[in-house]
Structure formats: C-alpha cells, structure tokens
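Worksheet: the structure to be examined is printed underneath.
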2 protein chains.
Amino acid sequence: MRTTPSAAAAPDAEAAKKLRPGRTNATKQKLFDASMELIGERGAAGATVDEIAAAAGVSKGTVYYNFGSKSDLIAQLLRHGVDILISRLLSVTDESADPLAAMDEMIGQAMDFMAEYPSFARLWMSESWRTPSEWQDTFAELRGPLLGVIGAAIEAVAAKYPVDPAISRGSLETAIFGACFVVGLDRKTYHPERTRAQSVAAIMAIMRGYVVK
Amino acid sequence: MRTTPSAAAAPDAEAAKKLRPGRTNATKQKLFDASMELIGERGAAGATVDEIAAAAGVSKGTVYYNFGSKSDLIAQLLRHGVDILISRLLSVTDESADPLAAMDEMIGQAMDFMAEYPSFARLWMSESWRTPSEWQDTFAELRGPLLGVIGAAIEAVAAKYPVDPAISRGSLETAIFGACFVVGLDRKTYHPERTRAQSVAAIMAIMRGYVVK
DNA sequence: CTAACTGAACTGACCGGTCAGTTCAAATAG
DNA sequence: CTATTTGAACTGACCGGTCAGTTCAGTTAG
C-alpha cells in the first residue's frame with residue numbers, strides 16, 4: 001500500500017456521506033457483505049479487490065471511490081462488525097434480572113452472532129494478534145469497548161454473588177471472550193450438530209466456577 | 001502430498017541419520033523456526049518463500065528441495081507444532097495425583113507453550129476455520145488427538161468428582177482449548193503483565209464450574 | 001594413496017502470472 | 001447540474017515454482 005499520495009476523492013466521501021444519503025450506503029453495505037464473506041474465506045491477504053468488487057456486483061473503481069484502499073475497507077469492516085456484536089450483547093442488558101441469567105443470555109447472543117457472521121469471527125481471530133499489523137491501531141481501539149461489555153456483565157455477577165478474588169477480571173474477560181469465538185467457530189465448522197444451549201452451557205461453566213461455592 | 005524430494009530419506013530418519021549426519025535435519029529445523037516466526041507474523045499467505053529462505057539463511061531452492069511446496073512446508077509446520085504441544089500436555093499426566101490438579105498443570109503447560117510458540121498459536125487461529133483451506137485435511141487430522149488429550153483430562157475429573165451432566169464433553173473441550181489459545185495469545189500481545197498463574201486460574205474456573213457444587 | 005566418480009544438498013537467476021493501486025473519460029441517476 | 005458509478009487500461013512490484021548448474025563429503029577403483 002505504501003504511500004497513497006493522491007487518494008484524493010475518497011476521504012472526502014466520509015464527510016459527504018451524511019449529506020447525500022443516496023445509494024452510497026447501499027453500495028457500502030454490499031461491499032461490506034461481500035468483503036466479510038471473501039475475507040473470512042480467503043483471509044485478508046488472500047481476498048483480492050477484484051474479487052470483492054465482483055462479489056458485490058460493483059466495479060473495482062467503486063471500491064476505491066467508497067474506500068480509499070483495501071486496508072481502509074478492512075478497518076471499516078472491523079468497526080462495522082464490532083458495532084453489530086456490541087449492540088447484540090448490549091441488547092440483553094437487563095438490570096432487574098439475575099446477573100447470571102443475563103450472562104447466560106449474553107453468551108447466547110454471542111453464539112448467535114458467531115453463527116451469523118462467522119467470517120467476522122475468522123477475520124478477528126486471524127488478524128488480531130498479528131504483531132506488526134496494518135490494523136493494530138484499529139484492534140487496540142476496538143478491543144476495549146468489546147471486552148468492556150463482558151467485563152460489565154462479570155462485574156454485575158461479582159456485585160451480587162461471592163466470587164473467587166484470586167481470579168482477575170481481565171483474564172476472565174479474555175477467557176470468556178476466547179471461548180465464545182472458538183466454540184462458535186468450531187460449531188460452525190466442525191460440529192454443526194452441537195446446539196446453541198450446549199455451547200452456552202459449556203461457556204457458562206466458567207462463570208459458575210468464578211462464583212465461589 | 002506429492003513427491004517430496006527428501007521423502008525417500010526422511011521417513012527412515014532413524015536409519016538415515018546414521019548415514020547422513022546433521023545437515024538435512026539442521027536445515028529443516030532452521031526452516032521450521034524461520035517459517036514459524038514469519039508465518040506467525042505475516043500470516044500463511046503473507047509470508048513469502050523468499051523471506052523464509054532468507055530468514056533461515058538458505059536459498060529459495062533449498063526450501064523446495066526440503067519441502068515440495070509452500071503448502072507442504074506449512075502442513076509439516078502444523079504437525080510439528082502439534083507434536084510439541086501434545087507432548088507438553090502429556091508430560092503432566094499423573095495417574096496418582098488429583099485430576100483437578102493435573103488439569104491445572106496441564107493448562108499451565110498450555111500457557112507455557114503459547115508463550116514459547118505464539119506464532120504457532122497465531123497460525124492455528126488464522127487457518128483452522130478457513131473453509132476451503134489447503135490444510136483442512138491436516139487440521140481435521142490434528143484436531144482429534146489434540147482435543148483428545150484435553151478430553152482425557154476432563155474424563156479423569158468426571159471419574160472422580162460429580163460433574164454437571166448437562167455439559168457435553170465435546171463443547172467443554174473446545175471451550176477450554178479456545179480459552180487457552182486466546183488467553184495465551186492475548187497475554188503475549190496485549191497484557192504481558194498478566195502472570196501465568198492468573199491466566200491458569202481464569203481458565204480453571206471453567207473446570208470448577210463443571211464440577212457440581 | 002589418490003584420482004575419478006557419485007549423488008544428495010544447495011544455489012540463485014529466471015519465468016509466467018497475479019495483484020493492489022491509480023487514473024480517467026464516459027455513462028448514469030437524483 | 002452534480003454526485004456517483006463504471007470499466008478498462010496501466011504500472012510497478014511481487015510471488016510461487018522451476019531448473020540448470022555448483023559444491024563437496026564420502027565412495028570406489030586402480
């Protein structure tokens with residue numbers, strides 16, 4: 001990607017997008033869908049811009065009109081996916097209910113998300129730990145809010161139940177987060193016979209083990 | 001797998017090693033080390049054979065002499081890594097000890113492995129769920145034995161403690177497996193301050209939640 | 001003892017092909 | 001009229017895989 005000296009028109013489209021709500025968003029959405037699919041399959045490096053454009057039913061030039069670069073497209077894809085996932089997780093936040101039941105439902109929502117957007121999950125797993133990565137800033141920025149949602153749910157449990165003080169919240173967040181992604185992807189890829197409830201139950205064991213007996 | 005040029009000699013490494021001391025295996029090992037590093041960083045598609053050869057201090061042709069193709073190299077890399085991981089996990093199998101303590105140590109071994117071979121962990125996470133993948137047969141073949149080791153440890157716990165029958169062994173295996181990889185990688189990449197004990201404790205919560213109160 | 005020979009290991013230039021990125025004139029649509 | 005899209009052309013870099021040739025430890029023959 002190097003220096004993109006004359007990436008002139010596209011960055012301005014960012015601001016203009018709000019003013020002109022025409023087909024731009026529809027095109028962007030098609031591009032998001034197609035990219036998600038292809039990048040999930042072939043990987044970020046393996047999916048070509050030509051393929052993405054073709055899959056979206058759009059010309060290559062349109063990709064560069066809507067996004068400044070392939071890198072940009074992927075960064076926005078990451079943001080888009082995280083937005084969806086967070087809103088799903090937040091949709092079950094219910095202050096009145098039992099925090100453990102809320103956590104159960106939250107994990108269920110995560111399973112649904114993984115089933116619906118496995119390509120996003122694959123993309124995240126593929127790229128998030130890449131050490132010099134083009135999107136490491138993006139990941140650094142998105143990790144916090146995402147893990148924060150899980151952290152808040154854990155906090156709610158800890159506020160109502162006695163929990164093991166030897167277990168750090170951060171490590172627990174990560175363990176649950178990781179279990180959700182891996183169990184969700186594994187179900188999709190290798191064990192379609194496993195039910196949502198089964199997967200949730202296995203991941204919930206970690207919360208039940210966190211609460212002291 | 002085609003015909004790997006060295007395939008004639010390599011399988012009988014025991015016998016061949018006597019006749020051809022050293023160099024072959026040394027070169028392959030250097031290639032393994034360099035590939036693991038580079039592929040972990042840039043991904044399987046992103047790492048070039050030229051880079052790998054240069055990093056190993058060897059010419060490109062040597063890569064193709066020792067391995068039939070880039071794909072072959074990666075498949076063998078996967079096998080090599082799994083061999084190491086399984087042997088580490090098996091090293092703590094202690095029939096006489098408490099199964100929960102054995103599981104604790106096994107997870108600790110997994111953490112050590114992730115700290116030592118983060119590139120292998122990244123490679124696994126990147127490629128194992130890729131749907132048409134060049135290595136899907138390899139993954140299919142390696143998953144069983146690997147998860148089986150964890151499964152046996154779970155079985156040992158279930159044999160000695162009362163456990164939640166609603167939780168399937170398969171899903172539990174996957175959840176622990178996933179938590180180990182993600183917690184291990186996250187520690188390496190984003191939270192080096194987290195201790196091994198902390199990480200193990202968080203993952204062990206899943207086992208403690210599996211045992212009924 | 002040594003010259004000739006063998007073949008596994010290794011080299012690196014080279015080839016055919018692909019890709020990301022860029023540009024632009026023309027078409028399209030609100 | 002203006003924002004958006006098209007589609008093709010082009011470039012410059014890069015990449016996987018090939019192959020003719022080199023090296024050299026060890027074997028054989030004289």
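Atoms considered below: every heavy atom in the structure, side chains included; atoms not considered: hydrogens, waters and symmetry mates. Residue numbers start from 1 in every chain, and the chains themselves are labelled A, B, ... in the order their sequence lines are given, proteins ahead of strands.
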_Under 4.0 angstrom between B:N66 side-chain N/O and C:dA8 OP1 or OP2_ = no
*How many Å lie between CG on A:L73 and P on C:dG21, as a whole number?*
10 Å
*Position toward the 5' end of DNA chain C (nearest nucleotide), A:E51 or B:G57*: B:G57
*Under the 6.0 Å and 45° cation-pi test, does B:K70 pair with B:Y64?*
no
*Integer-rounded Å distance: D:dT4 C1' and A:K28 NZ*: 13 Å
*asked:* I need the CD-P distance between A:Q29 and D:dT5, as an integer number of Å.
replied: 14 Å
*Quick one: is D:dT5 close enough that its OP1 or OP2 comes under 4.0 Å of any side-chain N or O from A:T27?*
yes
_Nearest-angstrom distance from the residue atom CZ of B:F67 to P of C:dC10_ = 11 Å
N/O to N/O distances under 3.5 Å, protein versus nucleotides 16-18 of chain D:
residue: D:dG16; atom: OP1; partner: B:K70; partner atom: NZ; Å: 2.8
residue: D:dG16; atom: OP2; partner: B:V49; partner atom: N; Å: 3.0
residue: D:dG16; atom: N7; partner: B:K60; partner atom: NZ; Å: 2.7
residue: D:dG17; atom: OP2; partner: B:Y64; partner atom: OH; Å: 2.7
residue: D:dG17; atom: OP2; partner: B:K70; partner atom: N; Å: 3.2
residue: D:dG17; atom: N7; partner: B:K60; partner atom: NZ; Å: 3.2
residue: D:dG17; atom: O6; partner: B:K60; partner atom: NZ; Å: 2.7

*According to a strict under-4.0 Å criterion, is A:T62 in side-chain N/O contact with OP1 or OP2 of D:dT5?*
no
_I'd like to know whether the aromatic ring centres of A:F181 and B:F181 sit less than 6.0 Å apart in this structure._
no
*Which whole-number value in Å describes the distance from A:Y65 OH to C:dA27 P?*
19 Å
*Can you tell which of B:R187, B:R194, B:H191 makes a side-chain hydrogen bond (donor to acceptor under 3.5 Å, both in side chains) with A:T174?*
B:R194
*Search all heavy atoms of B:I167 against all heavy atoms of A:A205 and return the closest pair with its distance.*
CD1-CB, 3.9 Å
Pair up each side-chain donor or acceptor in residues 101-109 of chain A with any protein partner under 3.5 Å, not counting sequence neighbours, and list the distances.
residue: A:E105; atom: OE1; partner: A:R196; partner atom: NH2; Å: 3.2
residue: A:E105; atom: OE2; partner: A:Q109; partner atom: NE2; Å: 3.2

*Below 4.0 angstrom from OP1 or OP2 of C:dT11, is there any side-chain N or O of B:S59?*
yes
*Residue pairs, two or more places apart or on separate chains, that pass side chain to side chain donor-acceptor pair (under 3.5 Å) and touch residues 80-89 of chain A*: A:R88-A:E116
